[in-house]
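Worksheet: one structure, shown below.
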There are 2 protein chains.
Amino acid sequence: MKVSEAALDKFHEYLKDKGLKLTSERKEILKKVFSIHDHFDAEDLLFMLKKEGKDVSRASVYRTLNLLVDSSLVEKVDFGEGKAYYEHIFGHYHHDHLVCLDCGKVVQFEDPVIEKRQEEICKGHDFQLDYHTLNIFGRCKECRKGGQEDASNS
Amino acid sequence: MKVSEAALDKFHEYLKDKGLKLTSERKEILKKVFSIHDHFDAEDLLFMLKKEGKDVSRASVYRTLNLLVDSSLVEKVDFGEGKAYYEHIFGHYHHDHLVCLDCGKVVQFEDPVIEKRQEEICKGHDFQLDYHTLNIFGRCKECRKGGQEDASNS
DNA sequence: ATGCGTGCAAATACTTTGCATGCCC
DNA sequence: GGGCATGCAAAGTATTTGCACGCAT
């Protein structure tokens, strides 16, 4: 069974639980979301759907993304750009990001030491950890190589 | 010397470097920013300034906040709410946040293990670390104790 | 004196929402 | 058939920007 089918099942279940409906629009959006193996924003998604002749409105894209986030099938990622990015998470491990400030490239990483440490910190604060976001900003290898000396900070 | 005075010096230096000017508006904004020992958004800051009779425009608040962030005196914090929060950082250590999804309370923490691990990860990816943001979302002790309902704070 | 900075309002960018109609269960 | 969902456009937020005038260096 493909991941997107398992995701569809889970989404359907989530919707049923809430008394909501699995419409053709929601199906198309979910399918597309699970075909993108990278982060994307609402506008990207809308554009891709339109390009393929799927006639979904911007409002439905936004509304469905919120549902997908709420159902834990999709994660909202914030790179501090004043808009939201998304990535599907079902069937993946959670991961964090290295974001290049020059070229904008995003590299994913996952680190058990940090994950574990967060749990300890939360325990110490008697805080129930639901999820976290960790973004590391800087400059990737290529951008440092590619001419700009910089390197000096502050 | 008070922290805000040292900050003012550093800001002045930064501005000079860039051929920019230290205006009375920028001074007032910086002073206020360094008097707030918590995170705040642009509107909060504007409101506080107005309340004290400092006549600064919204545009100047936004423009100056950007300068303060660029000069590393202030950090932009993103809680995924679609707007930016800020906190002054000069004279402090960098810290991360525990954000309660129920009451919105934010607790700061700072963890050398996580900081160190991030450096190692960046080294492994040949990535130059400039800064990072780590937010942990969940529920604080009080909100878990206080029943399941949304406990809006007083 | 020069040119950056300011306030204002309009513009921009992203996201949400009200309403009339459409369609899933 | 009932009620949620959709599309559209308008409204709502957050932030930036063009312009004419003002002020720091």
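Convention: sequence-line order gives letters A, B, ...; per-chain numbering from 1. Computed from a predicted model, the values in this text were never measured in an experiment.
When the P atom of dA5(D) is taken as reference, atom CD1 of I29(A) falls 12 Å away, rounded to whole Å. Rounded to an integer number of Å, the gap from D17(B) CG to dC4(C) P is 16 Å. We find that CG of L46(A) is positioned 10 Å from P of dC8(D), with the value rounded to whole Å. Here the C1' atom of nucleotide dG7(C) and the CD atom of E25(B) are 9 Å apart, to the nearest Å. Between K16(A) atom NZ and dG3(D) atom P the separation is 20 Å, expressed in whole Å. The CG atom of D55(A) sits 7 Å away from the P atom of dG7(D) (whole-angstrom rounding). Look at CZ on F11(A): it is 15 Å from P on dC24(C), rounded to the nearest Å. The interatomic distance linking D44(B) (CG) with dT13(D) (C1') rounds to 14 Å, in whole Å.
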> Which nucleotides of nucleotides 19-25 of chain D have their base under 4.0 Å from a protein heavy atom (B), which only their sugar-phosphate (S), and which neither (-), written as one string 5' to 3'?
Replying inline: -----BS
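Counting all heavy atoms, side chain and backbone alike, G80(B) lies closest to D78(A) at CA-OD2, 3.6 Å. The minimum heavy-atom distance linking T133(B) with D96(B) is given by the pair C-OD1, 4.4 Å. Contact between K141(A) and D126(B) at its shortest, heavy atoms only, is CD-OD2, 2.9 Å.
Using a 30° and 60° split on the angle between ring planes, F109(B) and H125(A) fall in the tilted class, from 30° to 60°. Taking the six-membered ring where tryptophan is involved, the planes of H132(A) and H94(A) are perpendicular, since the angle between them exceeds 60° and thus also 30°. Note on ring orientation: taking the six-membered ring where Trp is involved, the planes of H88(B) and F34(B) are parallel (angle under 30°, cut-offs 30° and 60°). In this pair, F11(A) and Y14(A) present their aromatic rings parallel. The plane angle is below 30°, not in the 30 to 60° band. The aromatic rings of H39(A) and H97(A) sit perpendicular to each other, their planes meeting at more than 60°, with 30° as the lower class boundary.
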Could you run down the sub-3.5 Å N/O contacts of the protein with nucleotides 10-15 of chain C?
residue	atom	partner	partner atom	Å
dT15(C)	OP1	A84(A)	N	2.8
dT15(C)	OP2	Y62(A)	OH	2.7

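Ion pairing of E119(B) with K123(B) is absent here, as no side-chain N (NZ or NE/NH1/NH2) approaches a carboxylate O to less than 4.0 Å.
S60(A) has a side-chain polar atom (N or O) that falls below the 4.0 Å cut-off from OP1 or OP2 of dG7(D).
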